[in-house]
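Structure, as structure tokens:
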Number of protein chains: 2
Amino acid sequence: MSRMFNPPHPGETLREDILPALGLTVTEAAEQLGVARPSLSRVLNGRAAISPEMALRLEQWLGVENGGRADLWLAEQASYDLWQARRSFKPKIKPAIAAAKNTTAA
Amino acid sequence: MSRMFNPPHPGETLREDILPALGLTVTEAAEQLGVARPSLSRVLNGRAAISPEMALRLEQWLGVENGGRADLWLAEQASYDLWQARRSFKPKIKPAIAAAKNTTAA
DNA sequence: GAAATGTGTAACGTATCAGAGTACAGTTTT
DNA sequence: AAAACTGTACTCTGATACGTTACACATTTC
């Protein structure tokens with residue numbers, strides 16, 4: 001299942017795999033992507049998320065046929081976000097089934 | 001492919017399927033979920049997204065064994081967000097391959 | 001018909017976040 | 001040494017989730 005490991009921030013993949021494969025510096029990549037260098041740097045180091053817009057940039061930049069599908073980038077990000085949320089947010093909610101069985105009770 | 005139809009906002013599913021199946025009003029659902037009624041209403045009517053926290057609330061409320069998996073709610077939301085982003089955001093970016101072939105040129 | 005309940009939504013405040021721009025310190029490359 | 005690259009902090013703008021409050025409208029119940 002997808003819940004057993006700490007999913008990497010997608011920026012990590014970008015920094016460790018994509019950029020080296022393309023032989024590009026952060027500065028060059030930011031220029032080609034049309035974003036500010038600090039903005040890309042934050043993504044690469046996990047300080048900012050892959051936004052839908054950034055995912056579209058990556059898709060057009062890398063090409064859908066080269067593993068650059070926007071939905072995959074967003075899925076990775078969502079996986080990461082959910083993992084983080086599970087660590088810091090513990091809702092205490094009565095299951096709807098149980099709640100339904102106790103409509104009159106409190 | 002997942003790009004051929006307009007994906008519904010996950011709140012729509014919640015409003016049209018889940019709540020009726022449980023026989024709950026919006027007010028009751030909001031109470032059980034531990035969120036304000038206007039907040040849930042915004043989600044149900046597509047005015048607000050399913051946040052990671054909200055996804056966790058739904059998961060604990062509905063139960064993972066009842067189609068309430070947080071990752072599925074988030075995936076639906078991401079699908080919706082991406083679709084919307086494709087409509088309003090058209091990045092003009094030179095593909096990295098082409099850019100690599102023209103490192104010297106401008 | 002009046003009261004209660006449910007609903008959508010607007011308005012406002014708070015917190016958070018993406019992104020641009022700027023600046024600076026530290027490192028690597030030339 | 002000089003130039004380039006990098007991470008990061010700071011500020012500003014715009015957007016968003018959420019709470020609270022308030023309002024208008026509808027539906028239900030007495």
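A, B, ... follow the sequence lines: proteins, then strands. Residue 1 opens every chain. Computation of the quantities below employed the complete heavy-atom set of this structure, encompassing side-chain atoms and omitting hydrogens, waters and symmetry-equivalent molecules.
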Discussion item. Any salt bridge linking B/Arg86 with A/Glu59? Criterion: basic side-chain nitrogen under 4.0 Å from a carboxylate oxygen.
Written reply: yes
Worksheet item: Which is the 5'-most and which the 3'-most nucleotide of DNA chain C that has an atom under 4.0 Å from a heavy atom of chain A?
Response: C/dA18 to C/dA23
Discussion item. Walk along nucleotides 2-18 of chain D from 5' to 3' and tag each nucleotide B, S or - by protein heavy-atom contact under 4.0 Å, base first, then sugar-phosphate.
Written reply: ---SBBB-B------SB
Practice prompt. Please answer whether the main-chain N or O of A/Ala48 pairs with a side-chain N or O of A/His9 as donor and acceptor at a distance below 3.5 Å.
Written response: yes
Fill in: Side-chain touch A/Leu44/A/Leu19, heavy atoms, less than 4.5 angstrom
yes
Worksheet entry | A/Gln60 side-chain N/O to B/Pro91 backbone N/O, donor-acceptor pair under 3.5 Å | yes
Worksheet item: What pair of heavy atoms forms the shortest contact from A/Leu22 to B/Ala96, and how long is it?
Response: CD1-CB, 3.9 Å
Worksheet item: Would A/Lys90 and B/Glu53 pass as an ion pair if we require N to O under 4.0 Å?
Response: no
Discussion item. I'd like to know if the side chain of A/Glu28 and the backbone of A/Thr25 have a donor-acceptor N/O pair within less than 3.5 Å.
Written reply: yes
